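Predicted, not measured: the structure shown is a model, and the values here were computed from it.
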Amino acid sequence: MKIYNTQTRQKEDFTPVEPGKVKLYACGPTVYNYFHIGNARTFMFFDVVRRYFEYAGYDVTFVQNITDIDDKIIQQSIAENVPFEKVAEHYTKAFFEDTKKLGLRPTDHAPKATEYIGKMIGFIRDLEKKGFAYEADGDVYFSVDKLDNYGSLSGKKTDEQMVGARIQENKQKRNPLDFTLWKKSKPGEPTWNSPWGEGRPGWHTECVVMSRDLLGDTFDIHGGAIDLVFPHHENEQAQAYAQNGKPLSNYWMHGGFLNMSGEKMSKSLGNFFTTRDVLKKFDPEVIRLFFLSKHYRSPIDYSPELLEETKSGVANFYDALDFVDFLKIEGNKPQFGEKAQGFVDSFKAVMDDDFNTAKAVAILFDLARLIKNLDEPIEERVQYAHALVEIGSVLGFFSNLDEKLRKDDLSGKLIEMMIEYRQLFKKEKNYAMADKIRNDLNEIGIELLDTKDGTIWKSKRK
RNA sequence: GGCGACAUCGCCAAGUGGUAAGGCAAGGGUCUGCAAAAUCCUCACCCCCGGUUCGAAUCCGGGUGUCGCCUCCA
C-alpha cells in the first residue's frame, strides 16, 4: 500500500509501527458551531481510510479528538450568552449526531481536551525543563529556535515568514513564530490551575498529548486537512520531537479543501453550509459519492447543483441491486468467478495507490452497468451485485440496504399484485387501464420497469 | 516577500512517458401497445509557447490564469 506523505512530499510504501496494526489519528472539530460540509469531507475521507485498512486486514485504532476548550468556544458562549461548557456540550452532541447521519462509523476514541488538562500541564512542564518552553507573564511559549528541524513538515523556514503582515506581533515572544503552550485566562474565562497560574492549554498541545496518550509515542498516520499542516501539525510535531526526540507520526496525510465558487469554505469567511443543513436536502450517500468521486488531495468546488446531479449516480447503484432483487439473494454470497474477482482486485489495487477513491467509484459504476445488463449470465450478474456491495461497503455505501431496497413487506406484495393486474389488462389490450395502474403507482413514488424478463419495480430515489 | 497546489469533453472527474477511465447531460438505433428502464453506437489533438524523447496530458523551461499556506481554520 502506498500513501502520500506530506512530510516527504511523495508516495511511500506503508509500513506500520506494529505489523498488522494501524494507529490513526485525525484532527477533530472545535465544538463552537455546527461543522460545515467542508469539514465533513475530511472526516468522511478518514472514515474511508479506516474502513479500507480494516478491509485490507489491519487492526485499526482510530482516534479523533474533540477540542472543547478554545478561544472560539469562549467567543461563542459570549455571543449566545450561555456558559462555555454548555456551548461545547451542545456542539459536541451535534457533532456525533451529524457524523452518524453522514454514515461515519464511530471512532475508537474521541478524547476531549478538557479531560487531559493534567497531562498537558505535565507535558508543558517537561518541555520547560528541557529548555524548549519559556514563561512570560502567565503565558507559556514554545521556542522554535531551540529545535533544529522546526519547519520540516511544512517546508517553512523560520526566517522567511512575513512578520507583521500575517503574524501577530507579540512582544512577549522571543521569536514571532513561537506558539502558545499555555495561555493565561482572563477573568470569567474557563480556567485551570497550573504552575504558571490560572490558564488553559494551547490547541497544538492538546493534540500531541491526546494522540500520544492513546496511540503511543510514534504512531502510524496523522491526518487532517491541508490547512492544518502549518502551524498546527508542524507545532505538534515540534513538541513531540522536543519532548522525547521521536517523530510523532510516520505518515502525515492531508486532504484538500472544499471550496465555494473557487474560494476556501470557512467559517471565518462566512461562505459555508453546515453539514446539518446539507443533510436536510441530500442523502448521506449522495454526499459520499460526491466527495469520493474526486481525489482526496484535490480541491472540490461545492454547489448544490453538483450534488443534485450526483443523485443519479447513487440511484444507479440501487437500481442495479433492484435488478437482481438483491435482498433475496443477499444471504448466499457465491464464490466469485474470475471476472467478479477481477473487479475486487482492481478495487484493491486502486485503493492501495494512495486511496484513489475516484477510480474505485468508477469500478462501482462498471459493476452496476453489468448487473443491469440482461445479456450477461444471471450467475455472473449476481456475483457482480455481491462484489458491488462488498467494495461499496468499504467506501461506506450500502449501510442500510434493507431500507433502500425493502420489497417483501405488505406494500411490496400489493405492488406485485398491481403489476399482475396490469399484465392482465395488457393481455386484453386494455391499455387505458394498464397505463392508469402505471401512472397511479408512479404518483405514489413507485416506478415500473418493463424488462424483457418481466416487470420489476423500484421506489423513486431521493 | 517566502512556500506550495492546480489548469483534461457542455458540466464533474481519473490518468505522472506509449497514444485520453468513469459519472452527469446530449444525439441516434434496438426493445416497447405507448412510455420509462435497459442495451448498442456517437461525443476531447488534455490553458499557451518552446524544449527533451522514437513517442508527452504526463518530463524540463517560460508564459497566462485560478487557488491555498505563512493568523483561527477540516
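The side chain of A:H295 has B:G15 as its nearest neighbour among B:C12, B:G22, B:G15. Comparing B:G4, B:C34, B:C69 by their nearest atom to the side chain of A:F230 picks out B:C69. The side chain of A:D450 sits closest to B:A35 out of B:C72, B:G33, B:A35. Comparing B:C69, B:C11, B:A74 by their closest approach to the side chain of A:L306 singles out B:C11. Closest to the A:E447 side chain, of the nucleotides B:G68, B:A36, B:C24, is B:A36. Checking B:A38, B:C69, B:A74 against the side-chain heavy atoms of A:C27 singles out B:A74 as nearest. Closest contact between the side chain of A:D366 and the listed nucleotides B:A74, B:A14, B:G22 involves B:G22.
Across every strand in view, B:U30 sits in a pair with B:A38 that passes the Watson-Crick or G-U test at under 3.5 angstrom. Using N1 to N3 plus N6-O4 or O6-N4 for Watson-Crick, or N1-O2 and O6-N3 for G-U wobble, each under 3.5 Å, B:C45 pairs with nothing. Across all strands shown, B:G10 pairs with B:C24; the Watson-Crick or G-U wobble distances both stay below 3.5 Å. Figure legend. B:G18 is base-paired to B:C54; pairs are counted as Watson-Crick or G-U wobble with both atom distances under 3.5 Å. The partner of B:G1, taking Watson-Crick or G-U wobble pairs whose two distances both stay under 3.5 Å, is B:C70.
Nucleotides B:G22 and B:A13, compared at atom C1', are 8 Å apart to the nearest Å. Using C1' as the reference atom, B:U58 and B:A20 are 11 Å apart when rounded to the nearest Å. The same atom, C1', is picked in B:C46 and in B:A36; the two are 37 Å apart, to the nearest Å. Separation of the P atoms belonging to B:A21 and B:A57 is 13 Å when rounded to the nearest angstrom. With both ends at atom C1', the span from B:C47 to B:U64 equals 8 Å, rounded to whole Å. Taking atom C1' on both nucleotides, B:G10 is separated from B:C43 by 11 Å, rounded to a whole Å. Distance check on atom C1': B:A56 versus B:G18 gives 9 Å, rounded to whole Å. Taking atom C1' on both B:A25 and B:C9, the two are 12 Å apart, rounded to the nearest angstrom.
No engagement by A:P29 is indicated, since no non-hydrogen atom pair under 4.0 Å with the nucleic acid exists. Within the 4.0 angstrom heavy-atom criterion, base atoms lie near A:Y431. Residue-level contact check: A:S298 touches the backbone only, with heavy atoms under 4.0 Å from sugar-phosphate atoms and none from bases. If you check every strand for non-hydrogen atoms under 4.0 Å, A:F323 touches sugar and phosphate atoms only. Nucleic acid contact for A:G255: none, since no nucleic acid atom lies under 4.0 Å from a heavy atom of the residue. At the heavy-atom level, A:L258 lies under 4.0 Å from base atoms of the strands shown. Residue contacts for A:D435: at a heavy-atom cut-off of 4.0 Å it reaches a base atom on one of the strands shown. Within 4.0 Å of A:G223, counting heavy atoms only, lies no atom of the nucleic acid at all. Looking at heavy-atom distances under 4.0 Å, A:K264 makes contact with a base. Within the nucleic acid shown, A:N316 comes within 4.0 Å of sugar-phosphate atoms alone, with no base atom in reach, counting heavy atoms only. Contact annotation for A:K294: backbone-only contact, meaning every heavy-atom pair under 4.0 Å involves sugar-phosphate atoms and none involves a base. Counting any heavy atom pair closer than 4.0 Å across all strands shown, A:K426 reaches a base atom. Using a 4.0 Å heavy-atom criterion, one finds that A:R438 contacts the bases of the nucleic acid, with or without backbone contacts as well.
Taking atom CG of residue A:N373 and atom C1' of nucleotide B:C41, one finds them 15 Å apart after rounding to whole Å. Regarding A:Y4, its OH atom lies at a distance of 9 Å from the C1' atom of B:G4, rounded to whole Å. If you take CD1 of A:I378 and C1' of B:A38, they are 14 Å apart, rounded to a whole angstrom. Counting to the nearest Å, the P atom of B:C67 and the CG atom of A:D227 are 17 Å from each other. Taking atom NZ of residue A:K173 and atom P of nucleotide B:C70, one finds them 13 Å apart after rounding to whole Å. Taking atom CG of residue A:L292 and atom C1' of nucleotide B:C12, one finds them 14 Å apart after rounding to whole Å. Atoms CZ (A:F355) and C1' (B:G15) sit 19 Å apart, rounded to a whole Å. Between A:F290 atom CZ and B:C11 atom P the separation is 15 Å, expressed in whole Å.
Checked against a 6.0 Å centroid threshold, the rings of A:F291 and A:F45 do not count as neighbours. Separation of the A:Y91 and A:Y34 ring centroids falls under the 6.0 Å cut-off.
Enclosure of atom CG in A:D148 is not indicated, since only 12 or fewer non-hydrogen atoms of other residues, nucleotides or ligands lie within 6.0 angstrom. Residue-environment remark: CZ (A:F96) exceeds the threshold of 12 foreign heavy atoms within 6.0 Å.
For the pair A:K294 and A:F290, the cation sits on the ring face: its NZ or CZ lies under 6.0 Å from the ring centre, inside 45° of the axis. For A:R212 and A:F219, the positive end is not near the middle of the six-membered ring at less than 6.0 Å and at most 45° from its axis.
Ion pair A:K11/A:D353 flagged as a salt bridge, since at least one NZ, NE, NH1 or NH2 atom sits closer than 4.0 Å to an Asp/Glu carboxylate oxygen. Using a 4.0 Å cut-off between a side-chain N of Lys or Arg and a carboxylate O of Asp or Glu, A:D227 and A:K264 qualify as a salt bridge.
Neither OP1 nor OP2 of B:C3 sits under 4.0 Å from any side-chain N or O of A:K156. Contact annotation: A:N356 side-chain N/O to B:G15 OP1/OP2 distance is under 4.0 Å. In terms of phosphate contacts, A:N430 brings no side-chain nitrogen or oxygen within less than 4.0 Å of OP1 or OP2 of B:G33.
Between the side chain of A:N65 and the backbone N or O of A:G28 there is at least one donor-acceptor pair closer than 3.5 Å.
Comparing A:D375 and A:V361 by the nucleotide of RNA chain B that holds the closest heavy atom to each, the one mapping nearer the 5' end is A:V361. Map A:R422 and A:T451 each onto its nearest nucleotide of RNA chain B; the residue landing nearer the 5' end is A:R422.
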